[in-house]
Every structure is written in structure tokens, then in C-alpha cells.
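Read the structure below first, then the notes.
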Amino acid sequence: MAIISDLYINGAWTKGTGRLPVYDPSDGSVIAEVATSDEALCLAAVDAADAAAKSWAATAPRVRGEILRRAYELMIAEVDSLAEIVTRENGKVLADARNEIIYAAEFFRWFSEEAVRINGEFRQAPSGDKRILVTHQPVGISLLITPWNFPAAMATRKLGPALAAGCTTILKPAGETPLTALAIVDILNRAGVPAGVVNVILPVPTGPSISKILHDPRVRNLSFTGSTEVGALLIREAADLVIRTSMELGGNAPFIVLDDADVAAAVSGAMIAKMRNGGAACTSANRFYVAKKVAKEFTEGMSAAMAGLKVASGLEAGAQLGPSVSVKERNKIAALVDSAIAGGGKVATGGVVPAGDGAFYPATVLTVAKDNDILNNEIFGPVAPIVIIESDEEAIELANASPYGLISYVYSQDLRRALRVAEAMESGMVAINRGVISDPAAPFGGYKASGLGREGGFDGIHEFLEKKYIGVEI
Ligand code: NAD
């Protein structure tokens with residue numbers, strides 16, 4: 001596993017202007033000292049992206065697509081070493097890390113295909129006085145900011161469409177997990193991305209340099225994935241120059257089990273929806289609304305499955321639940337559980353911070369009342385609070401009583417009933433009888449405070465394209 005710890009600007013690796021330690025959360029050891037960028041170096045990245053913008057936009061879509069396709073192939077060929085980097089800096093178990101690398105690589109494959117399918121229109125105006133031409137052009141320099149929980153996939157979900165569309169980019173990974181992003185950029189470099197098209201910065205502190213970039217008129221687009229709080233702050237920053245934004249923000253996913261559900265299937269789906277990434281996913285099931293008739297069976301099944309998970313360092317053979325990304329994050333999870341218990345919640349399994357080093361938290365199942373405050377928080381960890389519901393209507397009402405609306409899960413053996421619930425969900429995505437639906441070929445994104453815009457699918461590339469209408473006299 002070769003670790004790259006330099007930044008990448010204008011086609012060259014640079015030592016940066018400072019260093020930041022990157023930790024292995026399973027034992028707190030330092031994996032690497034990654035380069036950081038001061039304001040001048042961040043602006044050098046904008047200069048580089050600007051210098052490369054015209055020729056990249058003019059590069060044939062087929063050529064852009066073939067570079068992305070090569071990057072996909074390199075990622076798949078190097079899945080093991082990339083997964084190890086993810087596990088080392090993020091903590092997720094190796095099986096999750098491998099799945100993430102494959103999912104991440106698929107964004108390069110999908111957008112290599114989308115690069116050559118950008119559509120347009122040529123039609124007669126209704127009045128007959130002119131022709132309407134609609135074409136698409138790259139929006140321009142795009143700032144891409146990613147979180148620590150999917151350090152590979154969140155980067156490729158932005159780099160793929162940006163490069164396919166013909167935009168040059170500045171990528172700012174999370175300070176906790178920059179090494180995966182640097183390894184992916186190394187792959188893009190080897191796949192043939194020209195100098196200046198992809199640049200990586202890591203400003204510390206983050207806010208002031210990002211604000212500077214968002215006030216540079218050459219920058220035209222911000223694609224952000226992270227918390228709603230930081231996303232809202234960046235929307236305000238981007239407002240000054242009316243920079244286009246797409247926002248993939250926090251979630252608080254309801255997981256609804258109706259009284260006719262196949263309970264065994266619901267438990268295995270719940271284990272995926274809850275425990276992928278150790279619960280640190282924006283799509284992670286966060287509130288379980290379970291019909292009274294099946295609640296006991298579901299809670300017992302879920303508790304047994306959670307209690308049976310092997311908690312260990314992500315690299316250890318057979319590990320199923322690794323540490324959180326940091327002790328700070330782990331302590332947030334523990335505090336949420338403690339206050340849920342103080343608020344009347346009962347522990348079915350887990351709930352106690354283990355002794356020893358490392359940011360570990362046990363897989364935990366709680367039964368809580370529908371007004372327990374834990375249901376209002378994105379837990380981002382291996383904790384499943386279960387609430388008993390009396391009817392489909394109550395499930396819908398409780399599920400929608402949230403400022404978030406990223407994804408919902410519904411289990412029922414009656415597809416008509418499940419679809420009725422799905423249509424009532426105030427969320428951008430609904431999974432029916434499945435624990436995971438993320439797919440590069442489908443539009444990913446949220447309603448309400450969970451975001452703006454969609455990534456992946458046919459929409460993803462349009463986040464990086466301007467639509468231009470040309471009216472022609474005939
Ligand atoms: P975060 O908002 O703290 O950080 C996200 C990124 O923003 C990081 O790169 C961080 O360094 C940067 N950042 C922080 N403060 C900034 C500032 N003032 N200016 C500019 N950039 C700043 O989020 P996180 O803790 O890394 O990630 C967890 C959050 O991300 C959760 O809320 C999760 O739901 C969300 N998330 C959403 C999706 C989605 O697709 N909707 C996917 C993954 C994660």
C-alpha cells in the first residue's frame with residue numbers, strides 16, 4: 001500500500017505549505033503527515049484550473065470518456081491497495097472499504113459513458129419565426145468538497161461527471177481522510193488527465209481559503225457533500241457571486257416495517273441499511289418504525305444480529321464493525337445513546353463504550369418512545385432506535401416529521417401498500433424491501449435540508465453543464 005501525502009496542483013505533486021497528521025482510528029497511531037495548503041496555494045490551484053479550462057472543455061467527449069474508463073479500470077485493478085488506504089484512515093472494515101472502491105470506480109465507468117451522450121435540441125418555435133437550438137457547455141471551474149465517511153465514492157461521484165462534462169476541478173477532501181482522494185487523483189493522472197484539470201488542496205483552517213475561492217469570479221460551481229450545517233454556510237458564501245451549488249447533505253432515514261413484512265428479510269435489510277460503513281452513512285437507517293404486530297420479532301432478530309457482529313480493527317480478519325473515524329465522533333454517538341436512555345429508552349443490546357484505545361462503539365439496539373430526542377439526530381454510528389407504530393399512517397407521519405429527506409426504507413410484502421408509503425415519503429430516495437439502493441446509474445439526492453440537485457444517473461452530468469439556448473432567424 002503506497003501512501004501519497006503530497007497535494008496535486010497543476011499536474012505536479014507538491015509538499016504544500018504545512019503538514020497535518022492523519023490517524024488510524026483503530027489505535028490512534030499516525031499513518032502519514034499530509035501536505036496542507038495556505039491561501040496562496042489554494043489560489044494557485046484556481047490559476048491551474050483556469051489555465052486548463054479552455055483546452056479541457058474543447059477536448060473531444062470521447063477522449064474525456066476514455067480517460068475516465070482507464071481510471072475505472074485502474075481502480076478495479078488496484079482495489080486491494082485502495083481499500084486498505086480507506087480502512088487505515090477511515091476505520092471501516094475491509095469488506096466495506098472494498099465495496100466502496102468498487103462503487104466509487106463505477107462512477108468513473110458510468111460517466112465515461114455519459115460523456116458521449118450529452119443531449120441537445122433543434123426545433124421549430126411554436127410561432128414559426130425561428131429555430132430553437134439548445135446545447136450544453138461545461139459550467140466551468142468546479143470546487144468539489146467531500147466528507148470523511150466515503151472518501152473514495154464521494155470524490156469520484158463528483159470528479160466523474162465534472163471531467164465528463166469538460167470542467168476543470170479543485171478537490172478538497174476531508175482532513176480526516178485525504179489519503180484516499182490523493183490515491184484516486186494519482187490514478188486519474190496515470191489515466192491521462194492533463195495538468196490543471198484536477199487539483200487537490202487541503203486548507204487548514206478550512207473556512208477562510210474556501211471563502212476566498214468562492215469569491216474568485218473564475219470559479220463557477222460548488223459541489224459539496226457533508227453536513228447540512230456546513231452546506232448551508234457554503235450556500236451563503238456562494239450567494240455573493242451567485243455560484244451554482246449542488247449539495248448532498250445530512251440525512252435521518254426512517255426504516256419502516258409494516259405489519260405484513262417478511263420480518264427475516266426486514267432484519268437482513270436493516271442490518272445493511274444500518275451497518276454499512278458502521279452506520280456512518282448519510283443513507284444509514286436512523287429511526288426504525290416497526291408495526292406492533294412484528295415489533296417483538298424484529299427487535300429480537302435485530303438485537304441478535306447486532307450482538308453477533310465481530311467488533312475489531314478494520315484490517316483484522318473477519319472484522320464486521322470497525323471503529324468510528326475518531327474518538328471525538330465516537331463520543332458523540334455515546335452521548336446520544338446516553339441521553340436516549342436518560343429519556344426513557346431501553347437497551348436491547350450494546351450501549352456501553354468498550355475499554356481500551358481506538359474509537360470503537362458497540363452495535364446497539366434501543367427501544368424508544370416516538371418522542372425520544374435521539375430520533376431527531378443523525379447518529380452516524382452503529383445504533384438502531386426502534387419505535388412501535390400503530391398504523392401505516394402513523395409511520396408516514398413520523399417519518400416525514402423531520403427537516404431531512406434523503407432516503408426512506410419500507411418493508412411490506414404488499415407492493416401496492418409499500419408504493420403508497422413510498423409516494424408519501426418526503427425524501428429524494430425510497431428503498432422498498434432493500435437495504436441499499438445507491439447506484440451510479442440512479443439519481444442520488446435529497447428533499448428538504450438533505451440537499452439540492454442530484455448526483456449520478458442522467459442528472460449527474462447536468463450539475464456540471466450550463467444549458468444554452470440559441471435562437472436562429474430563418
Ligand atoms: P462536514 O460538513 O463536517 O465536512 C464535510 C467537508 O466540508 C469536509 O471536507 C470538511 O473539511 C469541509 N468543511 C468543514 N467546514 C468547512 C467550512 N467552513 N468551509 C468549507 N468547508 C468546510 O461533514 P463530515 O462530518 O465530513 O461528514 C458527515 C456529514 O456528511 C453527515 O451529515 C452526512 O450525512 C453527510 N453526508 C451526506 C452525503 C449525501 O450524499 N447526502 C454523503 C455522505 C455524507
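Numbering of ligands and ligand atoms starts at 1, following listing order. Side chains included, hydrogens not; waters and symmetry mates left out as well; all remaining heavy atoms used.
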Would you mind listing which atoms of ligand 1 come within a distance below 4.0 Å of any non-hydrogen atom of [X]?
X	result
Ile210	20 (C)
Thr206	20 (C), 21 (N), 22 (C)
Phe380	28 (C), 31 (C), 33 (C), 34 (O)
Asn149	43 (C), 44 (C)
Pro173	9 (O)
Ile145	6 (C), 7 (O), 9 (O), 12 (C)

Exercise for the section: Verify the distance criterion only: is there a donor paired with an acceptor across the side chains of Asn376 and Asp373 at less than 3.5 Å? Expected result: yes
Handout entry: Stepwise side chain to side chain donor-acceptor pair (under 3.5 Å) check, Thr225 with Lys158
Key = CA-CA 9 Å; Thr225 298; Lys158 299 183 186 309; 2.7 Å; yes
Problem - Between CG on residue Leu7 and CG on residue Leu202, distance to nearest 0.5 Å - result: 6.0 Å
Problem - Separation between OG1 of Thr283 and CE of Met429, rounded to the nearest 0.5 Å - result: 7.0 Å
Exercise for the section: Examine ligand 1 and decide if any of its atoms is less than 4.0 Å from a heavy atom belonging to Arg157. Expected result: yes
Practice task
Mark the output for Trp148 as yes if a heavy-atom distance to ligand 1 is under 4.0 Å, and as no if none is.
Solution key: yes
Handout entry: Within 45° cone of Phe444 ring axis and under 6.0 Å: Arg157 NZ or CZ
Key = yes
Practice task
Scan the protein's non-hydrogen atoms and note whether one is under 4.0 Å from atom 34 (O) of ligand 1.
Solution key: yes
Practice task
Answer with yes or no after comparing the ring centroid distance for Phe108 and Tyr72 against a 6.0 Å cut-off, counting only values under it.
Solution key: no
Handout entry: Check: Tyr447 ring centroid to Tyr404 ring centroid under 6.0 Å
Key = no
Top protein contact for [atom], by heavy-atom distance:
atom	result
atom 3 (O) of ligand 1	Ser227 OG, 4.0 Å
atom 41 (N) of ligand 1	Leu249 O, 2.8 Å
atom 16 (C) of ligand 1	Val230 CG1, 3.6 Å
atom 39 (C) of ligand 1	Cys282 SG, 3.2 Å
atom 27 (O) of ligand 1	Pro147 CB, 3.3 Å
atom 7 (O) of ligand 1	Phe224 CE1, 3.3 Å
atom 10 (C) of ligand 1	Lys172 NZ, 3.9 Å

At a non-hydrogen distance cut-off of under 4.0 Å, which region of [X] contacts ligand 1 (side chain, backbone, both, or neither)?
X	value
Thr146	backbone
Glu378	side chain
Glu455	neither
Phe444	side chain
Ser211	neither

Completion exercise
If you compare Pro208, Pro203, Gly226 by their heavy atoms, the one closest to atom 29 (C) of ligand 1 turns out to be Gly226
Practice task
Look at atom NZ of Lys310 and say whether more than 12 heavy atoms of other residues, nucleotides or ligands are closer to it than 6.0 Å.
Solution key: yes
Exercise for the section: Check the angle between the aromatic planes of Tyr8 and Trp13 and answer parallel, tilted or perpendicular using the 30° and 60° thresholds. Expected result: tilted
Practice task
Evaluate the ring planes of Phe288 and Phe298, with Trp represented by its six-membered ring, and classify them as parallel (under 30°), tilted (30 to 60°) or perpendicular (over 60°).
Solution key: tilted
Problem - Any N/O pair Thr228/ligand 1 closer than 3.5 Å - result: no
Exercise for the section: Evaluate the criterion salt bridge (charged side-chain N to carboxylate O under 4.0 Å, His left out) for residue pair Glu466 and Arg244; output intermediate values, then yes/no. Expected result: CA-CA 10 Å; Glu466 286 282 15; Arg244 178 145 155 208; 3.7 Å; yes
Exercise for the section: Give a yes or no answer on whether the side chain of Ser81 reaches the backbone of Glu78 with a donor-acceptor pair at less than 3.5 Å. Expected result: yes
Problem - Side-chain donor or acceptor of Asn286 paired with backbone N/O of Ala253 under 3.5 Å - result: no
Practice task
Evaluate the criterion side chain to side chain donor-acceptor pair (under 3.5 Å) for residue pair Glu89 and Thr180; output intermediate values, then yes/no.
Solution key: CA-CA 8 Å; Glu89 66 176 353; Thr180 305; 2.5 Å; yes
